[in-house]
Number of protein chains: 2
Amino acid sequence: MTTFYSDIARFPVSVDCVIFGINEGDLSVLLTKRAFEPEKGRWSLMGGFVAPDEGVDQAAKRVLHDLTGLTDIYMQQVGTFGSLDRDPGERVVSVAYCALINVDQTDDSNLRSHNAVWTPLSAMPRLGFDHEEMVSRALQMVKMKFSFEPVAFKLLPQFFTMTSLQQLYETVQGNSIDKRNFRKRALENPCIEKTDLIDKTSSRRGAALFRYNATNFNPDTFRL
Amino acid sequence: MTTFYSDIARFPVSVDCVIFGINEGDLSVLLTKRAFEPEKGRWSLMGGFVAPDEGVDQAAKRVLHDLTGLTDIYMQQVGTFGSLDRDPGERVVSVAYCALINVDQTDDSNLRSHNAVWTPLSAMPRLGFDHEEMVSRALQMVKMKFSFEPVAFKLLPQFFTMTSLQQLYETVQGNSIDKRNFRKRALENPCIEKTDLIDKTSSRRGAALFRYNATNFNPDTFRL
DNA sequence: TCAAAAGTGTTCAGGGTACACCCATGG
DNA sequence: CCATGGGTGTACCCTGAACACTTTTGA
C-alpha cells in the first residue's frame, strides 16, 4: 500500500464496551476490576485496542465476544472520547460502544476469568478513566431508543411475560406505568406475539409467555 | 510520561466536518475540492489530522476555524468511522462532526483559498471516502434535534422573521407547515422573542423581526 | 388600486392518561 | 379458602391538525 500521509501523529485507538443486562431484576453493567496498569485495581469497562487488521466496530465485537462468548450482538456506537488526558498511561483515543444482552446467555466461567461482574446501575462504584461518562451517555441513548425501537427484547429471554416486559420498561424509564395502558400499547405492536406457553414460576395462576417476532416488526408504527 | 502500552498498533486519527448552512435559501454543506492525494480532485468534507497536543473535539474546532474563521461554534460528534479500507491512502480512523453556522458570518476569501463551496443538499456531487455516509448521518441527526432543541437559530442571523424560521423548518423537515400552527407553537417558547425591529426587504408591509434569547430557553418545554 | 407577504382563532378528532375489579391457582 | 399475581374496558382531557380571511404598503 502506498502511504500518502507522513509527519502526522499516530495514536492507539481503543474500544470500550458498555454492556447492559438485566441481572436479578436489576438493570446492570458488566464491569471488570483492572488487572493491569494504568488504573490497576479500579473498576472499569471492558475494553481493548484496535488491531491493524480489524475495523473499529469489529474490535468492539471482538472484545464483547472474548468476554461473554456471544456473537451476533447488537452494538451501537456511543461516541468517541479523545481528550488529551483521558488515559493516564498514554494518549489513547477511545470509541465507546453500547451492547444489550440477555444475561442468561453469557458464559459465567468466562466472566469470572476476566474479573467481570454484573453491577446494578444503582450500586455503581467509581470507574477509572472517563468510563462513568461513557456509561451515562450509553444509558441516555438506551433510554431514548426504548420507546421507539424494539431494543428491550435484546435484554429479555426469548419468551417473557407481560409483567417482566413492563418491569423492564419501568426500570429503564424510571417511572411506574399503568398495567392496562401498557398491555394495550404492547399488543398494538404485531411484533409482540402471544404464545401458548405459560410461565408458572411467578404466580399460582400462571402468566402467558410472549415472544418478539422480528418478521412482524414495523419501524414506522412501533411504540411502547 | 510513563508509557504502559507497548506492542499495540497506532493509527492516524482525523476529523471530518459536516458544516451546514443556509445559502441562498438552500440547506447547504461546505465541500472542498481536494488539492492533494489521495482522492485528489474529488469533492469531500473538510478534514484534518488530530495533532498530539490537542483533543479530538479541539481538532474539529481547529479545522472549522481554519476554514471559516469562526470560533465558539456548536459542534456535535456524528460518529466514528473506522473501517479498514475507508481511506485508500492509509488506514485512518476518522471522527465526523457536525456544525451549524450562519453563512453570513463566514469569511468568503478564506473559503475561496480552501477551494470550499457551499453546495445545496439537493445538488450534492459524489464525495470521496465515506463522506456521503457522514453527511447523511449528520443530516439525520440534525433532523432529529430540530424539533426538540433550539438548533435552528444557529443557522439564522441574530434577527429573523417568522417566515424565514418557518421556511427553515420546512426545508429541514421536508414538509410544509401550516403558518398559524407554526407561529402559535413558536410563540409558546419564551426563548423566541419579538423585537421592535422590522424587516422591509421581504415584503411591502414589513415583517417583525424575532430573536432567540438563550436566557429564556427551557430544555424541558422547548418544542417546535 | 392591486399584488404580495404578514398576521391572526376556532373547531374537531384521536391518542394518551387515569382509574378498579374479577380470575385462576397452589398451598 | 385465601393470598398472590394475571388479566381486562371505559371515560375524559388535552394536544395536534385542519382551515380562510383581513391588513399593510410600495409600486
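Naming convention: chains lettered A, B, ... in sequence-line order (proteins, then strands); numbering from 1 in each chain. Side chains are part of it too, since the values below use all heavy atoms of this structure and drop only hydrogens, waters and symmetry mates.
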Rounded distance in Å - CG (Asp199(B)) to C1' (dG7(C)): 15 Å

With sequence neighbours excluded, residues passing salt bridge (Lys or Arg N to Asp or Glu O under 4.0 Å) with Glu132(A): Arg126(A)

Test item: side-chain donor near acceptor, Asp199(B) and Thr201(B), under 3.5 Å: yes

Per Arg204(B) side chain, nearest of listed nucleotides dT25(D), dG26(C), dT8(D): dT25(D)

Atom pair distance, as rounded to whole Å: CZ in Phe182(B) and C1' in dG16(D): 15 Å

Trace of the salt bridge (charged side-chain N to carboxylate O under 4.0 Å, His left out) decision for Glu188(A) with Arg185(A): CA-CA 5 Å; Glu188(A) 282 166 3; Arg185(A) 268 207 306 280; over 6 Å; no

Spacing between Asn175(B) atom CG and dA18(D) atom C1', to the nearest angstrom: 15 Å

Side chain proximity check, Lys61(B) to Ile73(B), heavy atoms < 4.5 angstrom: no

Residue closer to the 5' end of DNA chain C, Ala208(B) versus Gly206(A) (nearest nucleotide): Ala208(B)

Residues which pass ring-ring contact (aromatic ring centres under 6.0 Å, His included) with Tyr169(A), listed by chain and number, not counting sequence neighbours: Phe146(A), Phe182(A)

Of all pairs that satisfy side-chain hydrogen bond (donor to acceptor under 3.5 Å, both in side chains), the ones with a partner from residues 144-154 of chain B, not counting sequence neighbours: Tyr74(B)-Lys145(B), Gln76(B)-Lys145(B), Ser147(B)-Gln173(B)

Minimum heavy-atom distance Asp66(A)-His114(A), with the two atoms named: O-CE1, 3.4 Å

Show me, pair by pair, the donor-acceptor contacts under 3.5 angstrom made by side chains of residues 215-222 of chain A, not counting sequence neighbours?
residue   : atom : partner   : partner atom : Å
Thr215(A) : OG1  : Asn213(A) : OD1          : 2.9
Asn216(A) : ND2  : Glu193(A) : OE2          : 2.9
Asn218(A) : OD1  : Asp220(A) : N            : 2.8

ring-ring contact (aromatic ring centres under 6.0 Å, His included) against Phe159(B), all qualifying residues, sequence neighbours excluded: none

Relative orientation of the end axes in the helix from dT1(C)-dA27(D) to dG27(C)-dC1(D), expressed as an angle to the nearest 10° (five pairs per end): 0°

Compile the donor-acceptor pairs under 3.5 Å between side chains in residues 13-30 of chain B and protein atoms, sequence neighbours left out, one pair per line.
residue  : atom : partner  : partner atom : Å
Ser14(B) : OG   : Ser94(B) : OG           : 2.9
Asp16(B) : OD2  : Ser94(B) : OG           : 2.5
Ser28(B) : OG   : Asp26(B) : O            : 2.9

Protein-nucleotide distance (Lys200(B), atom NZ; dG7(C), atom C1'), rounded to Å: 14 Å

Mind listing the N/O atom pairs, protein and nucleotides 16-22 of chain C, below 3.5 Å?
residue : atom : partner   : partner atom : Å
dA18(C) : N7   : Asn181(A) : ND2          : 2.9
dA18(C) : N6   : Asn181(A) : OD1          : 2.9
dC19(C) : N4   : Asp178(A) : OD2          : 3.1
dA20(C) : N1   : Arg180(A) : NH1          : 3.4

Pairs touching residues 164-178 of chain A that satisfy salt bridge (charged side-chain N to carboxylate O under 4.0 Å, His left out), sequence neighbours left out: none

Spacing of Leu187(A) atom CG relative to dG6(D) atom P, expressed in whole Å: 15 Å

Separation of dT8(D) C1' from Lys194(A) NZ (nearest whole Å): 11 Å

dT4(D) OP1/OP2 closer than 4.0 Å to side-chain N/O of Ser203(A): no

Sugar-phosphate only, base, or nothing, as touched by Thr161(B) at under 4.0 Å among non-hydrogen atoms: nothing

Pairwise salt bridge (charged side-chain N to carboxylate O under 4.0 Å, His left out) hits with a residue in residues 93-111 of chain A, at least two apart: none

Listed pairs, N/O of protein and of nucleotides 12-15 of chain D, under 3.5 Å:
none

Phe153(B) and Phe160(B) aromatic centres sub-6.0 Å: yes

Euclidean distance, atom CD of residue Gln166(A) to atom P of dG5(D) [Å, nearest integer]: 14 Å

Between dG7(D) (C1') and Leu209(A) (CG): distance, integer Å: 15 Å

What N/O pairs connect the protein and nucleotides 13-15 of chain C at under 3.5 Å? Give each pair on its own line.
none

Near-ring test Phe129(A)/Phe81(A), centroid separation under 6.0 angstrom: no

